[in-house]
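Everything below concerns the one structure shown next.
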Amino acid sequence: MNHTTKQILRTAWIAVMCLTAIPAAAENVALHTPANTLVLDIEKGKEPKFVYYGTRLTAHDISVLPAPTTANWSSLEIYPAYGATHIQGEAAFAMRHADGNLSTQLVCKDFEVTDITDTAPNSAQRKGQQLAVTLSDPVYPIVVKLFFLAYKDVDIIEAWTEITNNEKKTVTLTQFMSSAMPIRRGDVWISHFHGSWAAEAQLTEQKLQNGMLRIKNRDGLRNATTDRQEVMFSLEGKPKENEGDVIGAALMYSGNFNVTVDTGEDEYHHFLAGIAPENSEYHLQRGKTLATPHVAYTFSDEGLSGASRAYHRWARRYQLRHGNAERMILLNSWEGVYFDINQKGMDQMMADIKSMGGELFVMDDGWFGDKYPRLTDNSSLGDWVVDTRKLPEGIDGLLRDARKNGVKFGIWIEPEMTNTTSELYEKHPDWIIKAPQREPVKGRGGTQLVLDMANPKVQDFVFNVVDELLTKYPEIAYIKWDANAPVMNHGSQYLSADNQSHLYIAYHDGLIKTCQRIREKYPDVVIQDCASGGGRANYGLLPYFDEFWVSDNTDALQRIYMQWGTSYFFPAIAMASHISAVPNHAVFRTTSMKFRCDVAMSGRLGMEIQPKNMTDEEKTLCRQAISDYKMIRPVVQFGDLYRLHSPYNGDNLASLMYVAENKEKAVFYWYKLECFKNEHFPIIKMRGLDPEKKYKVHELNRIDKSPLPAEGKVYTGSYLMAHGLEMPYSHDLEWSKLVDWSSRVIYLVAE
């Protein structure tokens, strides 16, 4: 089957008949990214329908596409509303009108396609094409605008809605999804992610069957700790990394969410994503508008990794702060000293990370509190003043020591939280989230409480925590922003009694407003997004952050799995990956320093350890790893990811690689996950190289007595992608240094 025939069959299978011309009165409207096309059937007075989403269409494609199937009552509405014509399937929109009517019909009133140049949430300039479809109810003056933004330079289309109440009284929104997408049935599989604290981003792959698949989070604050809001659909059978048609969808929200796939009797799986409606019905006043979060879609005919590469390019350019700037190699104090902060110890850690080639030191929890010193996790949150008993020269002394040691300085805060044992709580008990007429439910340490970000006074307080630090100490280069508690009971002391159901939405609106204020005043400081580990790895918040903490579990073996899952939607430059001590503090596993270095080098490299407890040999290896990472940092942080062999295969092997955009350099990672006798692993074929180029092989972090057989040799890209390189199953070491862990990092440079 030639390529043209395959593409015709593929597009026919995914979608339906379309036209690409976009005259003002057209009914079939197309939006294009560099390699994708979305087509909607839009006719005034009717419900807009989905037509096509897939590879970019040509005139020839259009001429041969068959008509859509409408067998088995297939529903192709792009934003189905409940109660008038769409009542049995999952609705994208439902409301209670001012007169109590639960039915809504949304038909097209008008639409417009415009070329836009605007500012992305991360302050980057972007260009694209935007479709706005205005829907209204023929009976009630409710208006819903559907928006679709197709980027000019990356294969992402964002979709969202704006809902306006023009009725005379307040209406109640009970279902207000951001977007819906019909996906043609067949052998369709979904890849999605679940997890928990210290075990985030665990991959699940399953074939879509009849019924309802609902992926959700109800944490209130940390919506990536459990289920995650990003999914990929493999349209041609069981998911494959580097071949096959894939649709990706990522809800860009920081709060409670629902991602649903509804499969009934018709020919389509119906995907919907948006804010979770449970206990969040929204009372929309007359003349007011509610905007929903965006959903970012991509289509790839290069498998799961192809979809990931699209998200990574989009993220680096338009979603992450400073997505085009190399990230610093840092040492964080947390696992090294926990709450045992003191000036001499911080100075020593700064000197140690500098001696190993690091560039930044971050002082974590335990540095603050006056009346209530922060000695453990049960006090002082909200009292953001230096504990001079621990740090007699304060932050000024730490900054002086950082300058002396030749490193940048960063600091940890948790500004959305307080403790019952704190001066802040004594002054402002009305600022916390608490159910009316009930005692507050407490979290970490038996005392932790969540401040109510719906309250503008709390928003000002949180802004001032950052503002006062950076105004007084402008040399602070990095902030680690943590959030270690969920919403533990429902109630806002700020919102009115009749708007208590707005709590979850209002919290995140307030958080985003506060982040925007911080970034307007402090665009240059690097800020890490942390929430009990990877609890806030989402594109709702990341435009205001530079990176996120993948997990509080720094065990190298489990990090392979977590970073594998995280990489589906998030680039390496955003994934903080640290070398830590053994036995690991989360799982108590002992892995070799070589293995820990090799795993951490596949993300944003850092350290989470007490250097003074390391042996000279361990320091030497880390010094080499940091030096090697600086050499490959541009490739890892800005290159294209190719996942090659999944740890989820169950055969004790994992492999991935990054390739520079110009194909001049690449980094290949190979990990043996367990040690058994009589092992037999496949040779891993590489991807993404230029078949015509010749690449010289160099192993990084080498500990073996003898080099690899391929060391220093030159191979064509064609050979490496067709055959790969043989990797020894163990390291060639003295008997006393043998370990049950094996890993390789191979640097490829075009000659």
Would a line drawn from the ring center of [X] to the ring center of [Y] be shorter than 6.0 Å?
X: Phe569; Y: His312; answer: no
X: Tyr338; Y: His585; answer: yes
X: Phe339; Y: Trp334; answer: yes
X: Phe570; Y: Phe548; answer: yes

Looking just at side-chain N and O atoms, do [X] and [Y] make a donor-acceptor pair shorter than 3.5 Å?
X: Tyr473; Y: Glu468; result: no
X: Asp452; Y: Ser492; result: yes
X: Gln637; Y: Tyr658; result: no
X: Thr119; Y: Gln125; result: yes
X: Gln343; Y: Glu393; result: yes
X: Ser379; Y: Thr421; result: no
X: Asn332; Y: Asp364; result: yes
X: Tyr478; Y: Gln528; result: yes

Does the side chain of [Y] come within less than 4.5 Å of [X]'s, by heavy atoms?
X: Leu331; Y: Ile609; answer: yes
X: Trp314; Y: Glu158; answer: yes
X: Val525; Y: His322; answer: no

Against the six-membered ring of Trp549, is Lys480 placed for a cation-pi contact (under 6.0 Å from the centre, within 45° of the normal)? yes
Can Arg228 be said to sit on top of Phe193's aromatic six-ring, NZ or CZ under 6.0 Å from centre and within 45° of the ring axis? no
Dump the intermediate steps for side-chain contact (heavy atoms from CB on, under 4.5 Å) on Thr554 and Glu335, then the final yes or no. CA-CA 10 Å; Thr554 55; Glu335 286 192 24; 3.0 Å; yes
Can you establish whether the number of heavy atoms outside [X] located under 6.0 Å from its atom [atom1] is more than 12?
X: Gln285; atom1: CD; value: no
X: Lys390; atom1: NZ; value: yes
X: Glu426; atom1: CD; value: yes
X: Lys630; atom1: NZ; value: yes
X: Lys521; atom1: NZ; value: yes
X: Lys288; atom1: NZ; value: no
X: Asp616; atom1: CG; value: no

Under 4.0 Å between a Lys/Arg side-chain N and an Asp/Glu carboxylate O for [X] and [Y]?
X: Asp219; Y: Arg222; value: yes
X: Asp387; Y: Arg374; value: no
X: Asp460; Y: Arg517; value: yes
X: Arg633; Y: Glu359; value: yes
X: Arg403; Y: Glu475; value: yes
X: Lys472; Y: Asp396; value: no

Given the rule in the side chain to side chain donor-acceptor pair (under 3.5 Å) test, do Ser551 and Glu200 qualify, once you have shown the distances and angles that lead to the verdict? CA-CA 7 Å; Ser551 177; Glu200 293 89 336; 2.6 Å; yes
For Asn553 and Asp555, what are the C-alpha separation, side-chain angles and deciding distance, and is it a side chain to side chain donor-acceptor pair (under 3.5 Å)? CA-CA 6 Å; Asn553 182 351; Asp555 170 60; 5.2 Å; no
Among residues at least two apart in sequence or on other chains, which ones pass side chain to side chain donor-acceptor pair (under 3.5 Å) with Tyr253? none
Show, in sequence, the C-alpha distance, side-chain angles and deciding distance for Tyr318 and Tyr151, and conclude whether the ring pair (Phe, Tyr, Trp, His ring centres under 6.0 Å) test is met. CA-CA 10 Å; Tyr318 302 112; Tyr151 283 78; 5.0 Å; yes
Exactly one candidate in Arg321, Arg327, Arg604 meets side chain to side chain donor-acceptor pair (under 3.5 Å) with Glu547; the answer is Arg604
